[in-house]
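Below: the structure, in structure tokens.
If you read the sequence from its start, that first residue is 1, and numbering goes on from there. Atoms within a ligand are numbered from 1 in the order they appear, just like the ligands themselves. The shown structure was predicted, so the numbers you read here are calculated from the model rather than taken from an experiment.
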Amino acid sequence: MRRVLVTGGCGFIGSNFVRMLLAEEPAAHVVNLDLLTYAGNPRNLEDLEDSARYRFVHGDVRDEVLAEELVRDADWIVNFAAETHVDRSTPAKAGEFIETNVYGPYVLLDALRRTQNAARFLQVGTDEVYGSISPPARPREDAFLNPSSPYSASKAGGDLQALGFHRMLGMDVIVSRSTNNYGPYQYPEKLLPLFITNALQDEPLPLYDGGTQIRDWLWVDDHCQALLLLLREGQAGEIYNVGANQEPEITNGELTRILLRLLGKPESLIHPVDGLRPGHDQRYAVDTSKVRALGWAPSVELEEGMERTVAWYQARRDWWEPIKSGEYRDYYRRHYRFEAKG
Ligand code: TYD
């Protein structure tokens, strides 16, 4: 039996990972610790509720007593629990990001130290820690950290906490840094699910700052496969970039137009807006040769992945329509200064 503690397993990447892990590792038993803050949704894993190999624990990664109890029995710990949205990480809210993204991994790691469990700890990170990258550079894992927002600064802090525990205590820690993920169950505040669901409701698509920015879009299951590989074969104390390395690179504007074509919706839905993301990073890119040397490669091309994503959101209005009310609606009105259809 392989006992896996996943934190933040009710979020987007976490829930896709839990489902994949249980399918691919027949000996795996998963405990999912999730606080169910706004983007954590128990419905993301409702298909596993009756599984004898899955247990949900409602709680906080910053709870030292609970963390100690849960890490004690784990063979692998995968930390997805994070505040993730750049637009929410205003200076006034930075404390919440630091609490979850820096203090959270610290509590888990220190619980591991106290229990003297030699479990492998995978800190799931982001390429945003490298900041905006001028073309054609692609930073390797040892590149300078240059975060542009409280979000990415806090993620960099979490990575460094994890690596510090490895260096001081020899703990079995790995850090991954992936590019932008997309696919089913992504909370509709991020670019692709926001634009797909808005378009399905014939609502404007708020395209920031001319739409010239570049992201490296990674199909979520390809990311999860890389994480599984790192858990099995990664080297302790190492950082691994994970990304699709799209060729040619694609701007947000081009991505939006592909989306509208797939949805059969007019480009007149595009609503250019400026100034909603101070310090907006122009381009993210990473060198992924290290994870590829372990045998990983992405398997889903961008257009194929976008077709699948669009089909999922078309089929799962029951999932996203309830989300686009309540807290989401308030956030949307505050941030974009226009109404979201409930
Ligand atoms: P996002 O999905 O928030 O991910 P990240 O900031 O982590 O890359 O944004 C992706 C890109 O899309 C980024 O360049 C900002 C842009 N964007 C918009 O143009 N409009 C939007 O409403 C959002 C949320 C993002």
Side-chain angles (χ1 to χ4, degrees), residues 11-13 38-39 80 82-90 93 97 101 124-133 135 146-156 177-183 185-201 203-220 223 241-244 246 249-260 267 269-286 302 305-306 309 313 320 323-324 328-329 331-341:
F12 163 49
I13 306 175
Y38 77 92
F80 292 98
E83 290 296 330
T84 67
H85 195 39
V86 176
D87 290 334
R88 292 184 190 248
S89 77
T90 58
K93 296 272 179 191
F97 284 73
N101 301 355
V124 180
T126 168
D127 66 341
E128 295 195 28
V129 295
Y130 301 118
S132 196
I133 305 295
N146 195 22
S148 309
S149 70
Y151 160 66
S152 45
S154 69
K155 287 299 286 181
R177 291 180 179 151
S178 94
T179 59
N180 288 60
N181 280 220
Y182 70 102
Y185 299 102
Q186 188 169 27
Y187 193 81
E189 66 187 353
K190 298 286 192 327
L191 179 71
L192 276 173
L194 175 70
F195 281 15
I196 294 169
T197 56
N198 277 18
L200 288 171
Q201 293 178 310
E203 287 280 313
L205 314 187
L207 184 62
Y208 297 168
D209 305 322
T212 60
Q213 296 73 25
I214 289 167
R215 300 290 184 264
D216 182 34
W217 298 95
L218 180 62
W219 175 244
V220 63
H223 181 203
N241 291 337
V242 184
Q246 247 116 49
E249 293 183 338
I250 185 167
T251 66
N252 293 341
E254 289 161 345
L255 191 80
T256 305
R257 281 185 284 278
I258 295 176
L259 209 59
L260 288 168
E267 291 190 9
L269 281 179
I270 296 176
H271 177 80
V273 283
D274 291 332
L276 288 191
R277 183 172 290 199
H280 191 176
D281 285 331
Q282 181 62 25
R283 173 176 176 266
Y284 295 142
V286 282
L302 181 60
M306 285 174 70
T309 306
Y313 282 89
W320 58 264
I323 292 174
K324 289 190 119 179
Y328 179 91
R329 207 186 167 88
Y331 160 74
Y332 199 88
R333 195 182 297 129
R334 214 171 40 243
H335 180 67
Y336 292 99
R337 302 183 194 104
F338 47 79
E339 279 285 329
K341 238 182 232 172

> Which heavy-atom pair separates L194 from Y332 by the least distance, and what is that distance?
Replying inline: CD1-CE1, 3.5 Å
> Under a 4.0 Å heavy-atom limit, does L205 contact ligand 1 with its side chain, its backbone, both, or neither?
Replying inline: neither
> Does ligand 1 have an atom under 4.0 Å from some heavy atom of Y151?
Replying inline: no
>> If you compare all heavy atoms of R283 against all heavy atoms of S132, which two are closest, and at what distance to 0.1 Å?
In response: N-OG, 3.2 Å
> Quick one: does ligand 1 sit under 4.0 Å from the side chain of Q213, the backbone, both or neither, non-hydrogen atoms only?
Replying inline: side chain
>> Heavy atoms only, cut-off 4.0 Å: how does N180 contact ligand 1, side chain, backbone, both, or neither?
In response: side chain
> Nearest to atom 22 (O) of ligand 1, what protein heavy atom do you find, and at what distance?
Replying inline: Y336 OH, 2.6 Å
> Quick one: nearest non-hydrogen protein atom to atom 20 (N) of ligand 1, plus distance?
Replying inline: P206 O, 2.7 Å
>> Which residue in the set N180, T84, D87 passes side-chain hydrogen bond (donor to acceptor under 3.5 Å, both in side chains) when paired with K190?
In response: T84
>> For R88 and Y38: C-alpha separation, side-chain torsions, deciding distance, then whether side-chain hydrogen bond (donor to acceptor under 3.5 Å, both in side chains) applies.
In response: CA-CA 12 Å; R88 292 184 190 248; Y38 77 92; 3.1 Å; yes
>> Give me the residue, atom name and distance of the protein heavy atom closest to atom 7 (O) of ligand 1.
In response: E128 OE2, 2.2 Å
> Do you know the tightest heavy-atom contact between L218 and G243?
Replying inline: CD1-C, 4.2 Å
> How many angstroms lie between atom CD1 of I250 and atom CD1 of I214, to the nearest 0.5 angstrom?
Replying inline: 9.5 Å
>> For A199 versus L260, what's the shortest heavy-atom pair and its separation?
In response: CB-CD2, 4.2 Å
>> Testing the 3.5 Å rule here: is there a donor-acceptor pair between the side chains of E189 and Y328?
In response: no
> Once you round to the nearest 0.5 Å, how far does CG of L255 lie from CG of L207?
Replying inline: 9.5 Å
> If you count the atoms of ligand 1 from 1 in the order shown, which ones are under 4.0 Å from a heavy atom of H85?
Replying inline: 3 (O)
> If you measure from each non-hydrogen atom of V86 to ligand 1, which part falls under 4.0 Å: side chain, backbone, both or neither?
Replying inline: side chain
>> Among all protein heavy atoms in this structure, tell me which lies nearest to atom 3 (O) of ligand 1, with the distance rounded to 0.1 Å.
In response: R277 NH2, 2.8 Å
> Among all protein non-hydrogen atoms, which one is nearest to atom 25 (C) of ligand 1, and what is the separation to 0.1 Å?
Replying inline: Y208 CE1, 3.7 Å
> In the protein, what heavy atom is nearest to atom 12 (O) of ligand 1, and what distance, to one decimal place, separates them?
Replying inline: N252 ND2, 3.4 Å
>> Taking 4.0 angstrom as the limit and counting only heavy atoms of L207, give me the atoms of ligand 1 inside it, by number and element.
In response: 19 (O)
> Between V273 and ligand 1, which part of the residue brings a heavy atom under 4.0 Å of the ligand: side chain, backbone, both or neither?
Replying inline: neither
> Tell me, which protein residue and heavy-atom name are nearest atom 8 (O) of ligand 1, and how many Å apart are they?
Replying inline: R215 NE, 2.7 Å
>> To the nearest 0.5 Å, what is the distance between OH on Y182 and CE on M306?
In response: 7.5 Å
> What pair of heavy atoms forms the shortest contact from T251 to G211, and how long is it?
Replying inline: CB-O, 3.4 Å
> Got the closest protein heavy atom to atom 15 (C) of ligand 1, with its distance?
Replying inline: H280 NE2, 3.4 Å
> Going by the atom numbers of ligand 1, which of them fall below 4.0 Å from some non-hydrogen atom of D87?
Replying inline: 24 (C)
> Hey, what's the ring geometry for Y336 with Y208, parallel, tilted or perpendicular (30° and 60° as the breaks)?
Replying inline: tilted
>> Can you name the atoms of ligand 1, numbered from 1 with element, that are less than 4.0 Å from a heavy atom of E189?
In response: 24 (C)
> For ligand 1, which atoms, with element, lie under 4.0 Å from some heavy atom of K190?
Replying inline: 2 (O), 3 (O)
>> Apply salt bridge (charged side-chain N to carboxylate O under 4.0 Å, His left out) to residues E83 and K93 and explain how you reach the verdict.
In response: CA-CA 10 Å; E83 290 296 330; K93 296 272 179 191; over 6 Å; no
> Which atoms of ligand 1 are found less than 4.0 Å from any heavy atom of L194?
Replying inline: 22 (O)
> Can you list the ligand 1 atoms lying under 4.0 Å from a non-hydrogen atom of Y284?
Replying inline: 8 (O)
